[in-house]
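What you see is a predicted model, and the numbers here were worked out from it, not measured in a lab.
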Amino acid sequence: MEKKFTSRRSFLSLAVLAPVAAYTLTACGSSGPGDTSSGGASIWALSGQPDEGIRQDTIDAFNEANPDMQIKPTFFQNDAYKTKIKTAIGAGQAPSIIYGWGGGTLRTYAEAGQVEDLTSWFDENPDVKDRLLESTFGAATVDGKIYAIPTQTVTPIIFYYNKELFDKAGAEPPATWEDLMALTKTFNDMGVAPLSLGGQSRWTSMMWLEYLYDRVGGPELFTSIYNGEPDSWSQPAALQANTMIQDLVKADGFIKGFTSITADSNADQALLYTGKAAMMLHGGWTYGGMKNDGAGFVEDGKLGWINFPTVEGGKGDPANTVGNPAGYQSISSKASDTEKEAAKKFFKDGLLTDAEVDAYIETGSVPIVTGIEDKLEKSADKEFLSFQYGLAKDAPSFQQSWDQALSPTAAEALLSNIDQLFLLAITPEQFASNMNATLGK
């Protein structure tokens with residue numbers, strides 16, 4: 001099995017900070033929800049190194065310590081997983097432990113009675129909840145009840161750039177949108193793509209709109225959308241952001257053929273560290289991918305990072321960020337009592353152990369546990385880790401990824417229309433009209 005690093009982000013913290021995390025996987029492992037007839041529980045998760053290896057090591061350690069409660073994993077690539085888990089849950093064939101990103105999708109599971117209410121379990125195990133960052137529980141909560149345990153790492157969306165290319169261009173990283181538009185000409189004239197983008201995956205394009213909506217209209221803009229307020233997608237700030245992204249596409253800001261490039265293959269990351277693209281907007285998890293695959297690109301100090309540029313006259317605080325509060329694991333309501341018992345044991349004793357926390361930090365990630373500042377400071381990647389931790393911790397607003405914050409129906413329409421917006425196949429107004437039709441669905 002070829003191992004690759006891919007990770008997925010997704011988050012909503014409407015005007016609230018929410019650290020984020022994610023792990024991914026390439027389809028390998030067992031072929032179904034998992035044979036747990038001998039006791040234990042099955043889990044589906046995401047493939048890709050180094051996160052897949054960390055997850056497997058964590059499970060192996062738990063299984064060794066709990067021979068009568070074996071956790072049986074199956075790993076999938078991000079996009080394939082989202083399709084498969086939806087089908088499995090609908091058919092009553094979900095694994096014992098369901099991985100997700102919280103938000104709107106978790107709400108649909110909870111309202112349909114497909115996942116366990118964990119509120120009383122957390123009350124009985126306050127030590128479990130107290131060691132996790134409080135802000136991660138927002139996307140795990142539906143109508144005041146907790147339906148998932150936050151896991152993994154803090155992963156805001158970060159604006160990366162290739163320092164070597166910027167040095168050759170005699171340029172500085174963009175502080176404003178005007179700077180970014182000017183840099184598109186600078187790098188195109190050099191024969192270098194200004195921006196890498198895995199547009200075939202669609203959610204990568206969504207990250208651009210998430211930041212622009214915030215920078216132009218402030219977090220209140222998406223809050224109104226999330227609340228289903230009439231015509232909220234066609235507010236002036238939203239239309240301005242839609243227009244700005246199409247201006248960037250028309251200026252050849254993104255690499256040619258971006259709609260055929262996938263994020264699951266890490267091809268977008270490779271464009272940055274091989275010098276074929278100068279900049280990239282992506283999740284904090286990609287630092288580990290570029291460190292793993294970039295042949296010294298990270299270690300040699302060629303990778304730079306900043307928060308997303310400001311927009312002149314915009315309402316959004318320049319310190320705001322977007323991304324995922326955490327990864328989330330729920331327990332299927334269809335699981336047997338034995339499986340549920342094993343899953344809860346795994347949640348309590350298997351997740352975010354000292355070994356797992358150290359492994360995440362070693363790969364350049366920030367786990368969602370409290371009291372790790374000293375560990376971060378000792379890391380070889382402390383500069384990036386401190387930036388990422390501060391970006392998440394100090395953000396006045398940490399907005400969860402829209403495709404997780406919204407209902408599955410609205411999220412699929414969103415990704416489809418974003419694809420069309422970036423292809424210039426629809427106007428900003430048509431995008432708004434199409435999305436207004438999903439409000440409340």
Check your understanding: Between Asp179 and Thr176, do the side chains contain an N or O donor and an N or O acceptor separated by less than 3.5 Å?
Key -> yes

Practice item. Could you tell me which non-hydrogen atom of Leu439 sits nearest to which non-hydrogen atom of Gly228, and how far apart they are? Key: CD2-CA, 4.1 Å

Which pairs would a plain distance check flag for residues 246-256, meaning a side-chain donor or acceptor within less than 3.5 Å of a matching protein atom at least two apart in sequence or in another chain?
| unit_1 | atom_1 | unit_2 | atom_2 | d |
| --- | --- | --- | --- | --- |
| Gln246 | NE2 | Leu421 | O | 2.9 |
| Gln246 | NE2 | Ile426 | O | 2.9 |

Review point. Going by atom types only, do Asp117 and Thr119 share a side-chain donor-acceptor pair under 3.5 Å?
Key: yes

Check your understanding: Is the distance between the ring centroids of Tyr161 and Phe166 under 6.0 Å?
Key -> yes

Practice item. Would you check if the side chain of Thr204 reaches a backbone N or O of Leu197 as a donor-acceptor pair within less than 3.5 Å? Key: no

Review point. Within the distance-only criterion (no hydrogens, no angle test), does the side chain of Tyr328 pair as donor or acceptor with the backbone N or O of Thr136 below 3.5 angstrom?
Key: yes

Point to revise | Aromatic Phe76 / basic Lys84 pairing, under 6.0 angstrom, 45° off normal | key: no

Distance-only donor-acceptor hits, side chain of residues 295-311, under 3.5 Å, sequence neighbours excluded:
| unit_1 | atom_1 | unit_2 | atom_2 | d |
| --- | --- | --- | --- | --- |
| Asn307 | OD1 | Tyr211 | OH | 3.4 |
| Asn307 | OD1 | Arg215 | NH2 | 3.4 |
| Asn307 | ND2 | Pro318 | O | 3.1 |
| Asn307 | ND2 | Asn320 | O | 3.4 |
| Thr310 | OG1 | Ala175 | O | 3.3 |

Check your understanding: Are Tyr160 and Thr286 close enough that a side-chain donor and a side-chain acceptor fall under 3.5 Å?
Key -> yes

Exercise for review: Answer yes if the ring centres of Trp203 and Trp101 are under 6.0 angstrom apart, and no otherwise.
Suggested key: no

Review point. Under 3.5 Å, is there a donor-acceptor pair linking the side chains of Glu356 and Thr58?
Key: yes

Review point. Short question: side chain of Ser42, backbone of Ser96 - any donor-acceptor pair under 3.5 Å?
Key: yes

